[in-house]
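Chain letters run A, B, ... following the sequence lines, proteins first and then strands; every chain starts at 1.
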Amino acid sequence: MARPKLCDSIRGLIGPSRSKLRMPYEPSIIEPRWQKFWAEQRTFRTVEDHAKPKYYVLDMFPYPSGSGLHVGHPEGYTATDILARYKRMRGFNVLHPMGWDAFGLPAERAAERDGRHPADITKTNTDNFRRQIQRLGFSYDWDREINTSTPDYYRWTQWIFLRLHERGLAYRAELPVNWCPALGTVLANEEVSPEGTYKETGDPVEKRLMTQWMLRITAYAERLMKDLDLLDWPEPVKKMQREWIGQSNGAEVDFKVAGSERRFTVYTTRADTLFGVTWCVLAPEHPLVQELTTANNRAAVDAYIQRSTRRSDRERKADQATKTGVDTGARAVHPLTGELLPIWIADYVVGGYGTGAVMAVPAHDARDHEFARTYGLPSKTVVLPAAGSAACEGAFGDDGVSAHSGIYSGMSSAAMRTRITQDLEASGQGRAKVQYALRDWLFSRQRYWGEPFPMVIGADGVAVPLPDDALPVELPHLVDFKPTADGRPPLARAESWLQVADPRGGMALRETNTMPQWAGSCWYYLRYLDPKNDQAPFAPEKERYWMPVDLYVGGTEHAVLHLLYSRFWHKVLFDIGLVSTPEPFQKLFNQGMILAWSYQDASGKYWHEKDIEERDGKHFVRATGASVETRVEKMSKSKLNVVNPDDIISEYGADAMRLYEMFMGPLDMTKPWQTRGMEGVSRFLQRSWRLWLAGDDDTWAAQLSEAAPSEDIERQLHRTIAGVTEDLEQMRFNTAISKLMELVNTLTAAPQRSRATLNTYLLLVAPFCPHFAEEIWRRLGHKNSIAYAPWPVADLSKLIESTLTIPVSVNGKLRTTLELPLDATEAQIRELALADPGVQRHLAGATIRKVIYVPKRMLNLVVGPPA
RNA sequence: GCCCACGUAGCCCAAUGGCAGAGGCAGGGGACUUAAAAUCCCCCAAGUGUGGGUUCGACCCCCACCGUGGGCACCA
């Protein structure tokens, strides 16, 4: 899609001899000039200024990948930049920082592949990301740039880890973990998909027993759940977090094992179905299984355990439909009826949740029902849909009325739950229990490129924290990032680093696992407040001034990862007294994904947009004429539909790119990129530019009128101020831009242009296309940046229309429009409407049954056949 | 299977109970030009996914269905 540059075409046309040269809009000259100015003047350096209200607007900082920025990044960044600039003009003290989430797997894998050090690769990538981001003219305070992989940053990540450790929130445990053979590391639950694969790459994940660092996020489950209510976040994100935390209110019930002193405890949310229990099920890994299993059943039980531990989560889920299990031969005693109930093991009961044991109620639970059918186990109905109604076929899982439940019969399910739980508690056989699906956070990785733990393992095997003054524990320089031959993590290769004095005396070995990538992002929003502090992670008074983050913009992919982890750390810091707010991010906004059209021919081959032509709404390969299927898809190299921001900026400029990113549609919506759409915003900028050049004169702004603008223009101007301001407050950037376009279209058509009007317009457009605005602002004679000029205020008295326009409809269909003086009364409007020939035609031979008048809005006549 | 969001001119999107069009792309015509580009002006085009309902009046609210995208899915 070649497009001649404006400057080239003009030069080609006029040559050096022509004197009346219009000054063209040339973003390629203007934009670097102002970017340099902002950097040199430190225009966006932020200081604590308690005289002003603060506004902390934050982007989710990027992982600087090798492939550079894609058009999705600048979408969120542009939105926050516009708001940051708008808020500055409104007199806010704005904190708007950027940095790099620079530790992580991809750099380490690239290092293995390319033979370069991860630090080196990370440096190249961050330099490229910074260059690309700066080309868009964002008003970040670059003095606050941070990088999670630098020792002066991760020193404090380690420091916070020590605080967690002190409080018993970090511990080592041997447990079955998610091991990804392809990556050679363990993963957190949050990183594993329901299918049992790594969410990022799709590599399979299996269970392995390993000793790992865990963070006790479960201790905060309730607060993480409850405090969601305090937040101005999108409902779907809150819902995802609630589901992940998975609170359930139920009861524990103790069962005795017949002929033994042993007991086991089940967890249930349906204590009201206790009389319907016909057997119990333990998870295969339940600690009592070995002891309970009778000699006759031992072989079958062992075989089943063997089989189920080998099965990955993925396999388990694959055949959810068929439930399997084996009888242990042992019997449990029903706590209320004394009945003997078989004890089975089955892998649909998961060891890590609740007590790892359940009571089976086949009449009222779909899983148990199916299990009963498969193995011919009995069933007892104890809940009826309504009093006296018949028992249902299949499992009746809803609440109803209790039956065959002794003294509880006839109670509602809810009432019986409360009552029986109290009674069990009184007799020591049970208790109310709130259970969470959330597990502790697996916090170590067998990787090189991450934060080292500030811990050593003593000769006695005890993990010992290093003192604060030993921080940072720097990552030793390695050239080989593979695990050692005996399977220890890569850091075990750093032999001289490994040996260290045990703070308790003697020698110890350093912890060789590293922290996961999420560690650095758990608190980075706090480091921005005070990024150079070498005495503390941040100064308390700065935290009190800036926190919480007023607006946090990023994609939904972090709904239960980063956003849950950082809330957890923040709450710990809150409990320690290091931060003053219970939550870090007051308002969250998710930008939508940007997709792109793809073109695929009948053979399945993808074509680049530039090789496609359109005829009569159908698309064809230009060279061959073959027809192609068009689809909106995620951008990917294989689909040949990737858009590179650098190319767009080279062709149209950063201001145009910013405008288009916002103009495409609502920020939170998924929408397709169409490079053709750049034409519209580019023309808008050029038309805007020409507003300051009148006629053929090349003297900048010389012919602007000093007279007051016409009443119509004045009205539209103030309507635009009010509209754009409201749209910005609501983050409706697309409609704000369209209002600005409308104004420009009007001003372009106007016979003369008032300097005052254009001044206001320039202020309104400045947050959207800042280079453009700075350039004109300077040419108008201002010495300072427009960035801190005051935002215009709409004069509401100027919005009043001079006449009233009333649409008149008959039976809801528009028939005419009346133009009336502002003070027209309903009676006058009615009279005029009835006299209108267009209306009368539809009244002929009919009776008016009703007249609806909405003051100053519309008039509707409801008519029917003659009475 | 369950939950959520979205379906409006050829395309991206406005309009949130009151005139279906704010803005843009694409398309057509005209002005300017020796011509073209650029620019300016004008025009074209949907009755709002489908079927019901509520209402004087529905893109908007309610019900069912279809399509697209996203999330969840043995948690007892």
Undergrad: Among A14(B), A76(B), C41(B), which nucleotide sits nearest the side chain of Asn734(A)?
TA: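 So the side chain of Asn734(A) is nearest to A14(B).
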Undergrad: Could you give the distance separating C43(B) and A36(B) at their C1' atoms, to the nearest angstrom?
TA: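 Straight-line distance between the two C1' atoms is 23 Å.
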Undergrad: Between U55(B) and A76(B), how many Å separate the two C1' atoms, rounded to a whole number?
TA: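 Nearest-Å result for U55(B) against A76(B) at atom C1': 48 Å.
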Undergrad: Atom CZ of residue position Arg857(A) - does it have more than 12 heavy atoms of other residues, nucleotides or ligands inside 6.0 Å?
TA: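 No.
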Undergrad: From the list A76(B), C19(B), C56(B), which nucleotide is the closest neighbour of the side chain of Ile852(A)?
TA: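 Given the options A76(B), C19(B), C56(B), the side chain of Ile852(A) is closest to C56(B).
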Undergrad: Taking the side chain of Asn745(A) as its heavy atoms from C-beta onward, which of G23(B), C12(B), G71(B) lies nearest to it?
TA: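 Nucleotide nearest to Asn745(A)'s side chain: G23(B).
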Undergrad: Look at all strands and tell whether Arg439(A) reaches a base, only sugar-phosphate, or nothing, counting heavy atoms closer than 4.0 Å.
TA: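 Here Arg439(A) touches the bases of the nucleic acid.
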Undergrad: Using O4'-C1'-N9-C4 for purines and O4'-C1'-N1-C2 for pyrimidines, with syn meaning within 90° of 0, is G47(B) syn or anti?
TA: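 For G47(B), whose glycosidic angle is within 90° of 0, the conformation is syn.
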Undergrad: By nearest atom, which of the nucleotides C40(B), G23(B), C3(B) is closest to the Arg690(A) side chain?
TA: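 Nearest to the side chain of Arg690(A) among the choices is C40(B).
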Undergrad: Are the side chain of Arg658(A) and the backbone N or O of Phe768(A) linked by a donor-acceptor pair below 3.5 Å?
TA: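 Side chain of Arg658(A) to backbone of Phe768(A), a donor-acceptor pair under 3.5 Å: yes, one is there.
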Undergrad: Looking at C56(B), I'd like to know if its phosphate oxygens (OP1 or OP2) sit under 4.0 Å from a side-chain N or O belonging to Lys850(A).
TA: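 It does, given that an N or O in the side chain of Lys850(A) lies less than 4.0 Å from OP1 or OP2 of C56(B).
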Undergrad: What distance, rounded to whole Å, do you find between the two C1' atoms, one in U39(B) and one in G49(B)?
TA: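 Approximately 41 Å lies between the C1' atom of U39(B) and that of G49(B).
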Undergrad: Heavy atoms under 4.0 Å, any strand shown: does Val862(A) hit a base, just sugar-phosphate, or nothing?
TA: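 Sugar-phosphate contact only.
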Undergrad: Tell me: CD of Glu633(A) to P of U68(B), nearest whole Å?
TA: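 That distance rounds to 13 Å.
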Undergrad: When rounded to the nearest Å, what value does the distance between P atoms of G69(B) and A26(B) take?
TA: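 Roughly 28 Å separates the two P atoms.
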Undergrad: Going through the distances and angles, do Arg270(A) and Asp365(A) end up as a salt bridge (charged side-chain N to carboxylate O under 4.0 Å, His left out)?
TA: CA-CA 10 Å; Arg270(A) 292 298 303 274; Asp365(A) 180 280; over 6 Å; no
Undergrad: Below 4.0 angstrom from OP1 or OP2 of C19(B), is there any side-chain N or O of Ser809(A)?
TA: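 Result: no.
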Undergrad: Pairs under 3.5 angstrom, nitrogen or oxygen only, protein versus nucleotides 26-32 of chain B, please.
TA:
residue: A26(B); atom: OP2; partner: Arg683(A); partner atom: NH1; Å: 3.4

Undergrad: What distance, rounded to whole Å, do you find between the two P atoms, one in G23(B) and one in C44(B)?
TA: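 Pairwise P distance, G23(B) against C44(B), rounds to 14 Å.
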Undergrad: So if I take every side-chain heavy atom of Pro666(A) and compare against A22(B), G18(B), C13(B), which nucleotide ends up nearest?
TA: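 Side chain of Pro666(A) sits closest to C13(B).
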Undergrad: Picking from C11(B), A76(B), A14(B), which would you name as closest to the side chain of Trp597(A)?
TA: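 Nearest to the side chain of Trp597(A) among the choices is C11(B).
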Undergrad: Tell me which nucleotide among G18(B), A76(B), C11(B) gets nearest to the side chain of Ser248(A).
TA: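 Taking heavy atoms from C-beta onward, the closest nucleotide is A76(B).
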Undergrad: Write down the protein N/O and nucleotide N/O pairs, taken from nucleotides 57-62 of chain B, whose separation is under 3.5 Å; answer none if there are no such pairs.
TA:
none

Undergrad: If the P atom of U48(B) is compared with that of C4(B), how far apart are they to the nearest Å?
TA: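 These two P atoms come out 25 Å apart once rounded.
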Undergrad: Taking the side chain of Ala749(A) as heavy atoms from C-beta outward, which of C41(B), G18(B), G23(B) is closest to it?
TA: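 Nearest nucleotide to the side chain: C41(B).
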Undergrad: Go through G24(B), G18(B), C74(B) for me and flag the one nearest to the Met741(A) side chain.
TA: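 Between G24(B), G18(B), C74(B), the one nearest the side chain of Met741(A) would be G24(B).
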Undergrad: Starting the side chain at C-beta, find the nucleotide from G23(B), C12(B), C3(B) nearest to Lys671(A).
TA: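 Shortest atom-to-atom distance from the side chain points to C12(B).
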Undergrad: If you take the centroid of each ring, where Trp contributes its six-membered ring, are Tyr652(A) and Tyr660(A) closer together than 6.0 Å?
TA: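 For Tyr660(A) and Tyr652(A), the ring centres are not under 6.0 Å apart.
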Undergrad: Quantified in whole Å, what is the P atom distance between nucleotide A31(B) and nucleotide A37(B)?
TA: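 Those two atoms are separated by 14 Å.
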